[in-house]
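A quick write-up on the structure given underneath.
What you see below is based on every heavy atom in this structure, not just the backbone, and it leaves out hydrogens, waters and symmetry mates.
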Amino acid sequence: MAANNRRMSGKKGAQVGSGGQRRRGLEGKGPTPPAEMRKGHAKQRAAQAKARRATGRTTQRRGGGRSTSELVVGRNPVVEALREGVPASTLYVQQFIDNDERVREALQLAAERGGINLMEAPRPELDRMTNNLNHQGLVLQVPPYEYAHPEDLVANAHDEGQDPLIVALDGVTDPRNLGAVVRSVSAFGGHGVVVPERRAAGMTAGAWKTSAGTAARTPVARATNLTRALEAYKKAGIAVVGLAADGEAELGALDALDGPVVIVVGSEGKGLSRLVGETCDFRVRIPMPGGAESLNAGVAAGIVLYEAARRRG
């Protein structure tokens with residue numbers, strides 16, 4: 001009987017069941033999803049990158065992006081910027097500053113314009129903000145400029161029932177020249193200015209000052225690639241006219257100025273770049289009986305804009 005008990009004690013007792021896990025494991029997980037839907041798969045990463053690029057292109061068509069904020073430093077520059085209507089978000093004034101005539105005028109102009117925050121700051125803070133430039137206790141913060149997209153300039157012209165009259169700048173790096181062109185475009189009924197995103201002047205405080213306030217109503221568009229932007233204008237039926245000292249046509253004989261046109265102005269020293277020059281439908285020269293070799297961008301653009309406005313008028 002004891003031996004029988006020993007044999008019985010060797011039998012397995014009740015075991016904890018799997019709860020159906022083994023059975024479900026054998027059932028399978030259905031069809032394998034496409035590679036583009038499998039997490040971490042190379043094809044999924046490629047599809048996600050393609051979607052991001054498409055989103056970026058859509059965003060760029062809506063606008064030309066923003067510049068970075070800028071600081072105008074020093075008593076005279078700050079007062080001049082406020083006088084000329086340069087956009088500003090904050091005027092920083094050093095604590096315990098000598099309250100001379102320029103400081104009083106800066107405070108008065110900022111208060112009269114409204115919308116400009118007045119901030120008092122210790123000198124070490126202003127030194128840090130300006131990288132130890134000679135700020136003289138006054139620092140004006142200029143907000144980022146909102147660039148248009150090149151297509152917006154054409155749309156604006158069509159909304160007004162007019163043929164587009166646009167100026168594009170190729171290799172112009174002086175903000176004062178950009179400001180002068182913006183002023184001329186505004187004076188002669190143009191619809192905006194196009195600048196490249198790289199190696200070109202942008203809408204800084206200096207450009208705003210030279211524009212004499214016209215930058216507030218004349219849009220500046222920024223193109224990632226100027227050549228492609230000009231080609232897009234050509235596909236839209238707009239003539240692209242480049243200014244060149246050795247141009248084949250003379251300004252007075254160019255009929256293209258009567259209709260939709262983009263006037264391309266190069267830098268004073270180098271003129272039009274090769275690719276931009278090859279993209280132009282016409283290369284036109286401005287007759288200069290006085291014998292000058294070239295004109296700066298602002299003057300050259302003003303002359304051609306006047307001729308275009310005279311014909312349209």
Side-chain angles (χ1 to χ4, degrees), residues 57 60-61 64-65 67 147-154 157 163-182 184-185 188 190-203 207 218-251 253-288 292-308:
R57 286 194 294 270
Q60 187 171 7
R61 282 196 292 271
S67 64
Y147 289 95
H149 188 274
E151 294 174 2
D152 298 338
L153 308 186
V154 179
D163 287 332
L165 177 57
I166 299 167
V167 174
L169 301 182
D170 177 27
V172 174
T173 57
D174 189 340
R176 293 170 298 181
N177 269 335
L178 172 57
V181 171
V182 170
S184 294
V185 168
F188 295 113
H191 300 101
V193 181
V194 181
V195 297
E197 189 173 293
R198 302 179 191 173
R199 295 184 292 276
M203 283 305 298
T218 302
V220 176
R222 190 163 61 177
T224 305
N225 184 295
L226 183 60
T227 302
R228 285 202 295 266
L230 296 176
E231 289 172 346
Y233 281 147
K234 290 171 67 172
K235 290 178 181 177
I238 303 172
V240 178
V241 175
L243 302 188
D246 59 347
E248 298 81 13
E250 191 171 296
L251 178 62
L254 187 65
D255 294 334
L257 294 178
D258 298 347
V261 65
V262 177
I263 302 161
V264 189
V265 184
S267 64
E268 185 175 350
K270 299 180 180 178
L272 300 175
S273 62
R274 181 182 61 83
L275 287 176
V276 168
E278 292 173 354
T279 305
C280 294
D281 296 309
F282 307 96
R283 294 171 73 252
V284 64
R285 64 184 183 275
I286 299 173
M288 291 182 285
E293 292 185 2
S294 63
L295 300 170
N296 69 33
V299 173
I303 291 172
V304 183
L305 285 165
Y306 166 77
E307 178 66 15

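- Of the candidates D281, L165, L153, I238, I238 is the only one forming a side-chain contact (heavy atoms from CB on, under 4.5 Å) with V262.
- Between H191 and D163, the shortest heavy-atom contact is CE1-O, 3.2 Å.
- Contacts of A200 classified as side chain to side chain contact (heavy atoms under 4.5 Å, CB included), with partners at least two apart in sequence or in another chain: P196.
- Take R228 and apply the salt bridge (charged side-chain N to carboxylate O under 4.0 Å, His left out) test, not counting sequence neighbours, and it matches no residue.
- The distance from atom CG of N225 to atom CZ of R198, rounded to the nearest 0.5 Å, is 9.0 Å.
- Looking only at side-chain heavy atoms (C-beta outward), I263 and V284 stay at 4.5 Å or farther from each other.
- Between V241 and A256, the shortest heavy-atom distance links the atoms CG2-CB, 4.2 Å.
- The two residues P150 and A221 make their nearest non-hydrogen contact at N-CB, 3.6 Å.
- The shortest heavy-atom contact between G302 and F188 is O-CE1, 3.7 Å.
- Around the CZ atom of R176, the shell of radius 6.0 Å holds no more than 12 heavy atoms that belong to other residues, nucleotides or ligands.
- Within the model, atoms CE of M288 and CG of L251 stand 11.0 Å from one another, a figure rounded to the nearest 0.5 Å.
- In this structure, A297 and G266 approach most closely via the heavy-atom pair CB-O, 4.4 Å.
- The two atoms that bring G202 and P175 nearest to each other are O-CB, 4.2 Å, heavy atoms only.
- With V167 as reference, V185 is the one residue of V304, L178, V185 to meet the side-chain contact (heavy atoms from CB on, under 4.5 Å) rule.
- Using a 4.5 Å cut-off on side-chain heavy atoms (C-beta onward), L230 and V194 make no contact.
- For R283, the salt bridge (charged side-chain N to carboxylate O under 4.0 Å, His left out) criterion is met by D246, E248, not counting sequence neighbours.
- Judged by distance alone, the side chain of Y147 and the main-chain N or O of V195 form no donor-acceptor pair under 3.5 Å.
- The shortest distance between side-chain heavy atoms of T227 and E278 does not fall below 4.5 Å.
- Between atom CG of residue L226 and atom CZ of residue R199 there is a gap of 11.5 Å, rounded to the nearest 0.5 Å.
- Here the side chain of D170 pairs no donor or acceptor atom with the backbone of V264 at under 3.5 angstrom.
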How far apart are the C-alpha atoms of I166 and V154, what are their side-chain angles, what is the distance that settles it, and do they pass the side-chain contact (heavy atoms from CB on, under 4.5 Å) test? CA-CA 8 Å; I166 299 167; V154 179; 4.1 Å; yes
